[in-house]
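Written out below as structure tokens is the structure these notes cover.
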Amino acid sequence: MANAALIRIAMPLFFVPLSLGLHHFSHVAPQWVFLTGLIAIAALADWVRRGTEEVAGRLGGVIGSLLNVSFGNAAELVLALFVLATAQTRVVQAQITGSIIGTTLLFFGISTLVGGWRRERQSLGQPQAHLLSTLLLLVAVVLLLPAAFEMTQRQSSSRADLSQLDEQLSLCVSVVLLLLYAAHLVYVLITHREIFADKQATENGAQWSLAQGLAVMAGGVFVIAFESELVSAHLAETASALGLSPTFIGVVLLALIGTLSDLLAAVSFARLNRMDIVFGLCVGSAIQITLVVAPVLVLASWAIGKPMNLVFASPLDLFSIASAAFIVRAIASDGETNWYEGLLLVGAYVMIALAYFFQQ
């Protein structure tokens with residue numbers, strides 16, 4: 001049975017050599033290379049997550065927990081860095097937006113729908129739900145700030161000056177966000193760890209050696225880098241061939257592909273009636289995107305000479321991020337969920353995705 005399970009989870013890795021092989025055949029349509037590359041990244045991200053959990057289980061305590069939460073979005077960060085390197089900053093911003101609404105609305109919605117299908121209600125765990133939903137609301141406001149700043153300064157600054165001010169503000173905000181994330185880790189893992197102790201107690205013991213876990217983590221991230229370069233190189237051609245905008249691909253495909261394993265884990269915990277863990281997985285991932293991935297991308301873009309700021313110029317991006325934060329806050333306010341609330345969350349995501357699909 002163990003061998004059968006291992007084969008089942010290893011089968012998607014077939015797409016790694018397949019995508020690399022298709023890339024070297026000139027007569028293969030770019031969309032096939034792009035799609036097989038995305039599937040390969042999803043499979044590799046799942047293995048990186050498994051490796052991280054095994055290493056965290058071996059190290060235990062604060063170090064293991066810190067490692068577990070810090071590598072939660074490794075695949076998505078690597079993919080965004082390669083897209084950023086091709087100067088497709090608008091797609092990267094779309095990817096950030098899609099990650100926030102995808103994990104909070106779609107993933108949490110599906111998990112709530114599945115977990116609550118045969119139950120009248122499920123409990124989220126009031127202290128944790130209140131903390132995470134409040135933090136999500138605050139970080140959403142932070143992403144709205146640069147856009148509000150740009151609109152305020154537009155009347156009094158030249159275009160060149162405004163662009164420089166946007167970049168300077170984004171760099172400063174990015175540093176503050178990373179400091180806030182460090183403080184969040186101290187809060188969760190040290191000063192108030194009893195709130196999250198139940199979640200940590202449910203984690204399985206390590207089955208791999210420390211060396212095996214580290215090898216899977218390092219090897220997975222290394223191959224994800226190759227696949228990300230391949231995907232970013234074929235993004236524009238794929239969008240044109242499929243008749244889709246690069247923004248839509250960023251919001252829906254690039255944003256979700258690296259976190260599909262989190263969806264599977266969230267659904268599994270929802271079936272076990274562990275909605276506190278589900279909420280932590282889904283909303284915690286969105287918080288990491290805002291507090292870690294976004295600022296790291298801004299700082300990295302400055303370092304590689306392809307500057308990206310945190311000014312989300314599209315009103316649709318701002319509406320989507322703010323809506324997701326307020327909806328999750330409202331759902332979590334009573335500390336309970338049911339299947340219909342899950343359906344509403346999924347419906348909200350579908351409507352936002354449709355808006356990006358029809359956006360010109």
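In this structure the side chain of Leu44 reaches within 4.5 angstrom of the side chain of Val223, judged on heavy atoms. Between Leu143 and Val139, the closest side-chain pair of non-hydrogen atoms is not below 4.5 Å. Two residues are said to be in side-chain contact when any heavy atoms from C-beta on lie closer than 4.5 Å; Val142 and Val173 meet this criterion. Looking at heavy atoms from C-beta onward, Val48 lies out of side-chain contact with Val216 at the 4.5 angstrom threshold. Contact annotation: the side chain of Arg49 never approaches that of Thr52 to less than 4.5 Å [non-hydrogen atoms, C-beta and beyond]. Taking the side chain as every heavy atom from C-beta outward, Arg329 and Thr134 approach each other to under 4.5 Å. A heavy-atom distance below 4.5 Å is not found between the side chains of Val283 and Thr103. Side-chain contact between Leu79 and Ile224: absent, with no pair of heavy atoms (C-beta onward) separated by less than 4.5 Å.
A donor-acceptor pair is defined here as one N or O able to donate and one able to accept, closer than 3.5 Å; no such pair exists between the side chain of Ser268 and the backbone of Leu264. Here the side chain of Gln93 pairs a donor or acceptor atom with the backbone of Val311 at under 3.5 angstrom. A donor-acceptor pair under 3.5 Å is absent between the side-chain atoms of Glu150 and the main chain of Ala147, judged by distance alone. Of the possible polar contacts, none joining the Glu336 side chain to the Ser123 backbone as a donor-acceptor pair under 3.5 Å is found.
Distance check: Met308 CE to Leu299 CG gives 9.5 Å after rounding to the nearest 0.5 Å. The CD1 atom of Ile352 sits 6.0 Å away from atom CZ of Phe319, with the distance rounded to the nearest 0.5 Å. In this structure, the separation between CD1 on Ile101 and CD1 on Ile96 is 12.5 Å, given to the nearest 0.5 Å. In this structure, Thr247 OG1 and Leu316 CG are separated by 9.5 Å, a value rounded to the nearest 0.5 Å. Taking CG from Leu132 and CG from Leu281, the interatomic distance works out to 10.5 Å, rounded to the nearest 0.5 Å. Atoms CG and CG, on Leu260 and Asp46 in that order, are 9.5 Å from each other to the nearest 0.5 Å.
For the residue pair Arg121 / Thr337, no side-chain donor-acceptor distance below 3.5 Å is found, with atom types taken as modelled.
One hydrophobic cluster, built from ILVMFWY side chains closer than 4.5 Å, cannot hold both Met151 and Phe312; they sit in different ones. Two different hydrophobic clusters hold Met351 and Ile110 under the rule that ILVMFWY side chains link at heavy-atom gaps under 4.5 Å. Both Val350 and Val267 are assigned to one and the same hydrophobic cluster, defined by single-linkage of ILVMFWY side chains at heavy-atom distances under 4.5 Å. One hydrophobic cluster, built from ILVMFWY side chains closer than 4.5 Å, holds both Ile327 and Leu354. Ile287 and Leu263 end up in the same hydrophobic cluster when Ile, Leu, Val, Met, Phe, Trp and Tyr side chains are linked at under 4.5 Å.
Note on residues 217-228: pairs passing side chain to side chain donor-acceptor pair (under 3.5 Å), not counting sequence neighbours, are Ser19-Glu227. Counting only residues at least two apart or in different chains, side chain to side chain donor-acceptor pair (under 3.5 Å) contacts with residues 306-328 comprise Arg90-Asp317, Asp317-Tyr356.
Applying the ring pair (Phe, Tyr, Trp, His ring centres under 6.0 Å) rule to Phe226 yields the partners Phe222; only residues at least two apart in sequence or on another chain are considered. Here Ala233 pairs with nothing under the side-chain contact (heavy atoms from CB on, under 4.5 Å) rule; sequence neighbours left out. With sequence neighbours left out, the salt bridge (Lys or Arg N to Asp or Glu O under 4.0 Å) criterion links Glu229 to no other residue. Residues passing the ring pair (Phe, Tyr, Trp, His ring centres under 6.0 Å) test with Phe248, sequence neighbours excluded: Phe357. A search for ring pair (Phe, Tyr, Trp, His ring centres under 6.0 Å) contacts involving Trp302 returns nothing, not counting sequence neighbours. Legend: residues meeting side-chain contact (heavy atoms from CB on, under 4.5 Å) with Leu256, ordered by chain and number and at least two apart, are Leu106, Phe107, Tyr349. The ring pair (Phe, Tyr, Trp, His ring centres under 6.0 Å) search around Trp32 returns none, not counting sequence neighbours.
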Review point. Taking it one step at a time, do Val278 and Cys282 satisfy side-chain contact (heavy atoms from CB on, under 4.5 Å)?
Key: CA-CA 6 Å; Val278 172; Cys282 298; 4.2 Å; yes
Exercise for review: Mind running side-chain contact (heavy atoms from CB on, under 4.5 Å) on Met217 and Val55 for me, showing each step along the way?
Suggested key: CA-CA 9 Å; Met217 286 176 57; Val55 173; 3.7 Å; yes
Exercise for review: Please lay out, stage by stage, how Val346 and Leu105 fare under the test side-chain contact (heavy atoms from CB on, under 4.5 Å).
Suggested key: CA-CA 6 Å; Val346 174; Leu105 298 181; over 6 Å; no
Exercise for review: Walk me through it: do Phe15 and Ile41 pass the test side-chain contact (heavy atoms from CB on, under 4.5 Å)?
Suggested key: CA-CA 9 Å; Phe15 285 91; Ile41 291 174; over 6 Å; no
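Nearest heavy atom pair, residue Ala294 against residue Thr290, reads CB-O, 3.9 Å. Counting all heavy atoms, side chain and backbone alike, Leu254 lies closest to Gln95 at O-NE2, 3.7 Å. For the pair Arg119 and Ala270, the tightest heavy-atom approach, listed with the atom from each and the gap, is NH1-O, 3.6 Å. Listed here is the closest heavy atom pair of Ala85 and Ile304: CA-CD1, 4.2 Å. Looking at every heavy atom in both residues, Leu38 comes nearest to Ile257 through O-CG1, 3.0 Å. Taking every heavy atom of both residues into account, Thr152 and Ala148 meet most closely at OG1-O, 2.8 Å.
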Can you give each donor-acceptor pair under 3.5 Å made by side-chain atoms of residues 235-242, sequence neighbours left out, with the distance rounded to 0.1 Å?
| from | atom 1 | to | atom 2 | distance (Å) |
| --- | --- | --- | --- | --- |
| Thr238 | OG1 | His234 | O | 2.7 |

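Ring orientation note: the planes of Phe108 and Phe279 are nearly perpendicular, at an angle over 60° on the 30°/60° scale.
Cluster partners of Phe326, using a side-chain heavy-atom cutoff of under 4.5 Å among ILVMFWY residues and allowing indirect links, are Leu137. Through direct or indirect side-chain contacts shorter than 4.5 Å among Ile, Leu, Val, Met, Phe, Trp and Tyr, Leu344 is connected to Leu113, Trp117, Trp339, Tyr340, Leu343.
Atom CZ of Arg271 has 12 or fewer heavy atoms from other residues, nucleotides or ligands within 6.0 Å.
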